[in-house]
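The structure under discussion appears below in the form of structure tokens.
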Amino acid sequence: MLPEEGAEFPKVIKWYEDVCTKKFGAVKFNYIIMMLKDYFVHYHAFPRYDKDIKLFNMEWKDTDWPGSIDFKSGNELAEEKLNEIRDYMKQ
């Protein structure tokens, strides 16, 4: 990763944490930085919740709380639901 690429990371994290805290009630965040087959670094950011969240006609549970996240668990969402979440984040 080039220094100028890494320099934007704190700005992105601040935006992400602000949105997830205000819109979704996140109380902590987990980050995983990886480099796999390709020669670029990518980030995974996970908002964490200490209570159930009810949004978008669904109940969201952080079943791994307070431990580390499990990449293999989770919900697969339809594109319509993902678009609804995206639009909510922009409001």
Side-chain angles (χ1 to χ4, degrees):
M1 176 174 22
L2 298 172
E4 55 271 17
E5 294 168 332
E8 290 188 356
F9 187 63
K11 294 175 188 173
V12 172
I13 293 303
K14 180 174 179 357
W15 169 84
Y16 176 76
E17 289 184 1
D18 286 349
V19 168
C20 289
T21 300
K22 291 174 188 167
K23 297 278 188 171
F24 304 112
V27 294
K28 291 193 179 230
F29 299 88
N30 291 160
Y31 298 93
I32 297 174
I33 302 170
M34 303 174 87
M35 181 184 286
L36 300 171
K37 180 181 170 186
D38 297 315
Y39 291 101
F40 60 86
V41 174
H42 69 274
Y43 302 87
H44 296 267
F46 301 91
R48 303 301 308 275
Y49 305 91
D50 60 351
K51 60 185 176 189
D52 297 348
I53 307 295
K54 294 179 183 176
L55 282 171
F56 314 107
N57 298 320
M58 296 178 69
E59 188 168 340
W60 306 78
K61 296 180 183 229
D62 187 344
T63 57
D64 298 320
W65 179 266
S68 38
I69 56 144
D70 177 1
F71 272 104
K72 296 182 182 190
S73 66
N75 299 325
E76 197 169 311
L77 300 176
E79 188 171 347
E80 292 170 343
K81 187 62 71 176
L82 294 172
N83 290 339
E84 184 180 355
I85 295 167
R86 178 201 63 205
D87 295 343
Y88 177 72
M89 289 178 68
K90 291 179 180 180
Q91 297 175 359

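Note that this is a predicted model, so its numbers are computed, not measured. Heavy atoms only: backbone and side chains are in, while hydrogens, waters and symmetry mates are out.
- Counting all heavy atoms, side chain and backbone alike, C20 lies closest to F29 at CB-CE2, 3.6 Å.
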Should E84 and D87 be marked as a side-chain contact (heavy atoms from CB on, under 4.5 Å) after you check the CA-CA gap, both sets of side-chain angles, and the distance that decides it? CA-CA 5 Å; E84 184 180 355; D87 295 343; 5.9 Å; no
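- K81 NZ: more than 12 foreign heavy atoms inside a 6.0 Å radius.
- For Y49, there are no ring-ring contact (aromatic ring centres under 6.0 Å, His included) partners two or more places apart in sequence or in a different chain.
- Annotation for E8: atom CD does not count as buried by contact number, only 12 or fewer foreign heavy atoms lying within 6.0 Å.
- The shortest non-hydrogen separation linking L77 to I85 is CD1-CD1, 3.9 Å.
- Take Y88 and apply the ring-ring contact (aromatic ring centres under 6.0 Å, His included) test, not counting sequence neighbours, and it matches F24, F56.
- Counting non-hydrogen atoms of neighbouring residues, nucleotides and ligands closer than 6.0 angstrom, the CD atom of E79 reaches no more than 12 such neighbours.
- Scanning for ring-ring contact (aromatic ring centres under 6.0 Å, His included) contacts around H42 gives H44, with sequence neighbours left out.
- Residues meeting the side-chain hydrogen bond (donor to acceptor under 3.5 Å, both in side chains) test with K14, sequence neighbours left out: D18.
- Distance CG/D50 to NZ/K28: 9.5 Å, rounded to 0.5 Å.
- Screening residues 31-47 for salt bridge (Lys or Arg N to Asp or Glu O under 4.0 Å) gives no qualifying pairs among residues at least two apart or on separate chains.
- The two residues K23 and Q91 make their nearest non-hydrogen contact at NZ-O, 2.8 Å.
- Counting all heavy atoms, side chain and backbone alike, V41 lies closest to I33 at CG1-CG2, 3.1 Å.
- At least one donor-acceptor pair under 3.5 Å links the side chain of R48 to the backbone N or O of G67.
- Cluster partners of V27, using a side-chain heavy-atom cutoff of under 4.5 Å among ILVMFWY residues and allowing indirect links, are W65.
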Apply side-chain contact (heavy atoms from CB on, under 4.5 Å) to the pair Y31 and I13, showing each step before the final yes or no. CA-CA 10 Å; Y31 298 93; I13 293 303; 3.1 Å; yes
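- Note that NZ of K54 is 14.5 Å distant from CH2 of W60, once rounded to the nearest 0.5 Å.
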